[in-house]
Each structure stands twice: as structure tokens, then as C-alpha cells.
> 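First the structure, then my questions, so here it is.
The model shown is predicted, which means the values in this text are computed figures rather than measured ones. Each chain gets a letter, A, B and so on, in the order the sequences are listed, and its residues count up from 1.
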Amino acid sequence: MAISPAPLPADRSSVAPYHPATETAVLIRNLRFCWPGCLVPAVNLRSLELAAGEHLFLHGESGAGKTTLLNLIGGLLLAQAGELQLFGQSLTHLPTSTRDALRADRLGFVFQQFNLLPYLSVLDNVLLASRFSASRHARCIPTPRSEAQRLLDTLELPPSLAARRACELSVGQQQRVAAARALLGRPSLILADEPTSSLDARNAAQLFRLLLDEAGRCGAAVILVSHDPGLAAGFTHHLKLPSA
Amino acid sequence: MRAILDLALASAWNRRTSLALACLSITLATALVLAVGRMGESARRDLSRTSAGVDLVVGPRGGTLPLLLRALFHMGEATATMQWESHVKLARDPRVAWSVPLALGDTHGGYPVIGTTAAYFQHMRNADGAPLALSAGRPFAGLFEAVIGAEVARRLGYQTGTSLILSHGSSLPDTHDGHDDQRTSTHQDKPFRVVGVLAPAASPVDRSVLIGLDSLTALHLDWQGGVPIPGLHIPAEQVGKFDLRPRSLDAVLIGLHQRTDALRLQRQIAEAPGEALMAILPGPGLDSLWQLLGQIERTLKALGGLVTLVSLTGLVAVILAGLGERRRELAILRAVGAGVRHVVALLMVEAFALTITGLLAGLALVEAGGLLLTPWLRLHYGLGWHVGPRGHEIALLALLLAAGSLAGLIPAWRAARLSIADGLTPRL
Ligand SMILES: Nc1ncnc2c1ncn2[C@@H]1O[C@H](COP(=O)(O)OP(=O)(O)OP(=O)(O)O)[C@@H](O)[C@H]1O
Ligand SMILES: [Mg+2]
């Protein structure tokens, strides 16, 4: 684990050679991303390394680029410069279809805006994670449906809600559905963007604990974004993004 | 694939109102294209059937087209006439099965009056090839009896028993208002009685008044050169005392025992000594007439093409408008692992299903219209179309289906090009 925000993107000679010990979940070198039309990069990160199963607490002021960084790691955005590897594969050099397959197989996203499909039932929203990957589907034991139900149970969503349409849930309930979707099918990397922002302190702490427990069960690496300094204590690794 | 179908269904159900509207617009456009095409075809067919059963049209020597227009469509001015005796001679030819003499010139309410014989009702056919039928009454038999076409009856509100006054002079096919022109004077002293009304035939007979040749002669006993002879007046009761054989004819329609004799008889008539006559084959004549009207057909085709284009544009517009609505949805799917090919499949399945539903519904609409509406349309407007798809229509539908499905590719291409994160950001 090595983290250092890059003050000077030009400083490339100081990049340390990379020697994998265990499987590396995320590896970043001199990553730079600018939104179209913006001169100041939204993300400018010299180095980040996260081994499989490790948990990282990502924080920083609003607008510091936390969501943008997670989108880069998840392959939802492509960086203009620098190196970004997921499980040893360089994301920038993968063909789109392979990147999509990698995301379907190994990633779990909890979006800041949940991103549930409003017209699907709660259960179907959770099951979406297993729809596009055979191996993810196969890792749901015994079946994706029962696994989804177990996760919803664990996250203390009443079983009566499973058949409801996602748009009929309270915001806090939607957040837990989004978390269940990210956890389905034993992902190797969970990217959680303020997963507890809409919950009261008790529920937030509980969701947070469950998220980490489940991640631990499947040996997933976790990158969690939060403004709540109280949660940081549970993490071994921390990264603060400087404000732009 | 199963997952894609489930998703496509759930998503479509969520947008069912806008999709139903899109489908409806495809349905209506398809129905319009097909109906316009079929109406053009049926107009052409009706035209070609105006001469059904007639093997030769004989008339005074002159232009082919004027004779055809006069004999089959009762239009135009006679520049020359033929003698009644020539018809008698023709009718005696052993190759001739039947002959129908025609004398034109008078009008009623702008509709042409045709002087003919009862043979007309036996041998003329309607646009469907069936013999002419009367919807009321009987054919004319005595003097001053008239049979009117379906449109005449409907437009002028006549029925059997109605009495009518004929006008002497040129027929004015455009003025159906019943008012007489300056150039015409009326046969007020010899009114006719409607004894029969023809069923709609979708042919020029719908717009005609049929009377016996003897009545026509009787009408003009005291006329000469288009005006009443001054000081001479023969009352209707006394016309029976005169020779009522027609003085002249405009044309004779001929049916042969064997159609193969037509060409030889045609040449014989053209070369015969005595009165200068000619005979024409109506089929080729009508074809050249249709070519003359080719502008109409081209207009119809261009119209059909435009309608097709508009419906395709509408389809693409509907799908593109849907893309704005679906930007976030597709990005969410990509974010949970759907590949570009999944998104493409999702959009294509929907575009295909939408298009094919619209096309089939449009086809069904036109077929139902052909079955239910056409009888009424034919009766009132002489329009209509056939039932059952034709080869070129299937090809057109296939083209529309391909275009509709491909239209689904445009949003798919856009969805694939945009970064996923872009799609996820809600547009405020
Ligand atoms: N779609 C976009 N287009 C252009 N600029 C963007 C877009 N999304 C974010 N930005 C810019 O990128 C910067 C980083 O945004 P980001 O959403 O990553 O911040 P954040 O750290 O997640 O903030 P918060 O804690 O409020 O969620 C901001 O300055 C923002 O204005
Ligand atoms: Mg954010």
C-alpha cells in the first residue's frame, strides 16, 4: 500500500518500480483526468496501490474529484494520461468489450446517486449485477435469487419490499438496495461512493459494517468515499484528495 | 439473451405511452403508403376495364384518342359521325357476336346522355368485370324512358319515376350543378321519365344518362343543325308517326365470336369502300391513354415515396427522442456490466418489435379498409383498393422493417460513444 497525491504531474522519474507481492486490485501511476473544457485536472494522482482484500478510505472536500476517481477506476471514464491497472490489466489499453466484461465480472459499484432502474423491482435491480456475467452468476450460491434475498435481509430491508418497484422506496432504502446490488456475486473490488449519506447515524454505521463484513467474506478490496470522519477509524488505508 | 428480452420488456412497459404513440404513427404511415399505392393500382385497373368485353370500337375515321374518349368515356366533341346503315352492315358480319351503337351529344345536368339500344345492358360490364346491374327499375323500353348511372342518381337525387329534361348541346363534364350553359338549349317539350337506376359500376356509365336511340331521334325530329327548326313543332304524342331510325351514330362497340378475328376485321373496316370508318382495339388504346395520364401515376408514386420517407423519419425521431429519455437507463446498464453489444441488442429488439408491430397493424388496417370501406368508397367516389398484399408491397414492408431496425442502431451508436459516466450524471 502506497499512496501519494501528485503535486507535480511532470515528476515521472520518481515512480518506483512495481513488484507485486499479492494480487494487486488497483494500481495507479501519474493518473490525470480533465473534464472536457476544464483546464484544471479533476483528478491528478501520482500513485495508488491497493492489494486484493484491502480497504481504502477516500475523503476530501466536495468537488475534490472523489467520484471522478471512482469512475476512472471503474472504467466509466477514461483518463487522458497515466497508468491505471485493475487486477494487473491496464484499463486504458483494454478493448471496450473486455473492460465491460471485467466490470461485470469483478466490480461492485455503489453510486452516489444509487442508479437503480426505477421500473424494475427491488429484487431485479439487485439481480442486474449477475445478468451480464456468467461467472458472476455462477458465484451466486446457491442461486442469484436466494443470494440477493439474503443480502437484502442482511441489509435489513423488509422482504415485503423485494417485489416493489425501486422508485417506490425511501431514499435510505434505495441506498441499501444499491449496496446489495454491488455485493451480489462476490465482486473482487467494491467502489462505494458515500454509501451511507442518506442514512441516520445508526443505519449508516450498520450499513457500513455490513458492507465491510460482506466485502471481507468474499475477500473484496474496498474503496469507500465518505465525508464522515467517524467511519475512517475502521480503515487501514486512507487517502485525502486535495481540493482543486 | 433471455435477460435482454426481460429487460427490454420491462423498460418498454415503463414507456408504454410514448411507444404506443410511436407504433401508431408507424401504423398510420404504413396504412397511408399502402392505401395510396393500392388506390393508384385500382384506378389503373378500373380504367383498363372500361372496355371489358369490347373487342373493337368502330367510328368515323379520324384520331384514335378522340374516338376512344367518346365511345368509352363519353367525353369530347364529335367531329364526324357515322351512318346508321354502316352499323347495320357491321352487325350482319358473321364474325360479330354483338354490337352496341352509341349516339351522344345531349346532356342532363352536365352528365352526358347516351343514345343506345337495350343491347347495352346485356354486353357492358362494370369495373369488376361483371355485367351491368340495375339497383332499381328496368332498362328503357319505350319512348322517352331513361336509365341513369349511380352517380347521376346520387348527385341529382333522382329515382325511378323522376322526370327529367335533356339539354341539347355539348356536355360539360365539370359543371354538375344542373344549370345549363348558354350554348345549350333544352328539350323542354319532351320530358323523360327515369325507369331504371344502375348499380355503381366504377366506370364512366356511373356518370351517364342512357336513353333509347329512337327517343333520341324523336327528340330531334324538329331540330336541325343544333337549333329548333323555326315554325316547326312536333308534340311528343305525335312522334310515333315518324321514322325513328337514328340519323347518325358516334361509335359502335363490337364483341366478336373469336377475339382472334379482331385484327383482320380492323383492317377490313379501315380499307372498306364507302363510308370512311376505322376500328380500334380498346386495350392498347387504353394503355396509351394511361400513358398520357402517366403524370398522375408518377405523382401517386412520388406521394407514396414521400409518405414512406416521412414515416421513416418519424420512426427515427421517435427512437432518438426516446434516447434522451433512456440516456441514464442505458448508462446504468453499462455501469453494472452490460456491454455495448447488450445495449445494441436491447435497442434493436425494441426498434424491431416496434416497427414490425406498426407495419402489421398498418397492413391489417388497409386490409380491413379494403374489406369494409371500399364498397362504400366505390359507391360514393369511385375509389377503393384491393385486398391481399402484393409482392412489391411485401418488399416495401421489408424495406421499412430493415430501416426501422437500423434506426435502432443510431441511439445504440450514440450510447456506445458517450462515456458511461456522462450518461449517469442526471441532467438537471
Ligand atoms: N460531468 C461533468 N462534467 C464536467 N465537470 C464535472 C463533471 N462531473 C464533475 N465535474 C467536475 O469535476 C470536479 C470533481 O467532481 P466530483 O464529482 O468528482 O467531486 P466529488 O469529490 O465527488 O464531490 P462530492 O463530495 O460533492 O461528491 C468538480 O470540480 C466538478 O465540477
Ligand atoms: Mg462525489
Side-chain angles (χ1 to χ4, degrees), chain A residues 33 35-36 42 67-79 95-121 124-137 144 165-167 178 181-182 184-185 187 191 193, chain B residues 1-20 322-350 353-354 409 411-428:
Chain A
F33 177 84
W35 285 103
T67 301
T68 309
L69 179 58
L70 285 199
N71 282 339
L72 285 166
I73 295 173
L76 306 186
L77 283 176
L78 288 185
T96 311
S97 59
T98 320
R99 211 161 44 224
D100 291 335
L102 183 69
R103 180 163 52 242
D105 280 347
R106 310 193 68 165
L107 254 57
F109 252 114
V110 188
F111 294 97
Q112 197 167 7
Q113 268 132 352
F114 323 147
N115 289 335
L116 303 177
L117 287 181
Y119 55 82
L120 289 184
S121 72
D124 282 333
N125 259 296
V126 177
L127 287 172
L128 267 186
S130 67
R131 288 265 198 233
F132 301 102
S133 158
S135 62
R136 186 107 172 223
H137 191 277
R165 301 207 311 165
C167 56
R181 182 175 69 186
L184 186 79
L191 304 169
D193 201 348
Chain B
M1 203 55 215
R2 180 70 210 284
I4 292 291
L5 283 180
D6 285 351
L7 266 176
L9 214 62
S11 168
W13 181 247
N14 186 45
R15 288 170 294 122
R16 56 189 175 276
T17 319
S18 61
L19 288 187
L323 181 65
E325 202 180 342
R326 303 188 72 184
R327 188 181 67 97
R328 182 122 189 260
E329 175 194 352
L330 297 177
I332 292 174
L333 287 175
R334 293 283 317 273
V336 297
V340 173
R341 68 199 161 90
H342 293 114
V343 172
V344 169
L346 196 70
L347 290 165
M348 294 272 289
V349 161
E350 182 176 302
L354 200 66
L409 273 181
W413 171 76
R414 256 185 61 177
R417 213 175 45 109
L418 291 174
S419 84
I420 305 170
D422 228 20
L424 287 177
T425 332
R427 294 240 166 96
L428 298 175

> Report the C-alpha distance between B:Leu333 and A:Leu117 in whole Å, list the side-chain angles of each, state the deciding distance to 0.1 Å, and finish with yes or no for side chain to side chain contact (heavy atoms under 4.5 Å, CB included).
CA-CA 9 Å; B:Leu333 287 175; A:Leu117 287 181; 3.8 Å; yes
> Chain A heavy atoms under 4.5 Å from B:Arg334: which part of the residue, side chain, backbone, both or neither?
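It is both, since atoms from each part get that close.
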> Hey, does A:Tyr119 have a side-chain heavy atom less than 4.5 Å from the side chain of B:Arg15?
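B:Arg15 vs A:Tyr119: side chains apart.
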> At what distance, to the nearest 0.5 angstrom, does CD1 of B:Ile4 lie from CZ of A:Arg131?
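So the CD1 of B:Ile4 and the CZ of A:Arg131 are separated by 9.5 Å.
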> Please classify the contact of A:Asn115 with chain B as side chain, backbone, both or neither, using a heavy-atom distance under 4.5 Å.
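For A:Asn115, heavy atoms of backbone and side chain both lie under 4.5 Å from chain B.
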> Just wondering, do B:Ile332 and A:Leu116 contact through their side chains at under 4.5 Å, heavy atoms?
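They are not in contact (no side-chain heavy atoms under 4.5 Å apart), so the answer is no.
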> Heavy atoms only: give me the nearest B:Val340-A:Asp100 pair and the separation to one decimal.
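Here B:Val340 and A:Asp100 meet closest at N-OD2, 3.5 Å.
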> Report the distance from atom CG of A:Leu120 to atom CG of B:Asn14, rounding to the nearest 0.5 Å.
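Atom-to-atom, A:Leu120:CG and B:Asn14:CG are 8.5 Å apart.
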> Is any side-chain heavy atom of B:Val336 closer than 4.5 Å to a side-chain heavy atom of A:Phe132?
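In short, these two side chains touch, coming nearer than 4.5 Å.
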> In terms of heavy-atom proximity below 4.5 Å to chain B, should A:Arg181 be classed as side chain, backbone, both, or neither?
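Interface part for A:Arg181: side chain.
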> Give the member of B:Ala331, B:Gly339, B:Ala10 that has the highest number of heavy-atom pairs under 4.5 Å with chain A.
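Among the listed options, the one with the most contacts to chain A is B:Ala10.
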> Can you tell which part of A:Ser133 gets under 4.5 Å to a heavy atom of chain B, answering side chain, backbone, both or neither?
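Neither; nothing under 4.5 Å.
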> If you count heavy-atom pairs under 4.5 Å with chain B, which of A:Arg99, A:Arg103, A:Arg136, A:Arg165 comes out on top?
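Ranked by heavy-atom pairs under 4.5 Å with chain B, first place is A:Arg103.
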> Say you draw a straight line from CG of A:Leu128 to CG of B:Leu7; how long is it, rounded to the nearest 0.5 Å?
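Here the rounded value is 6.0 Å.
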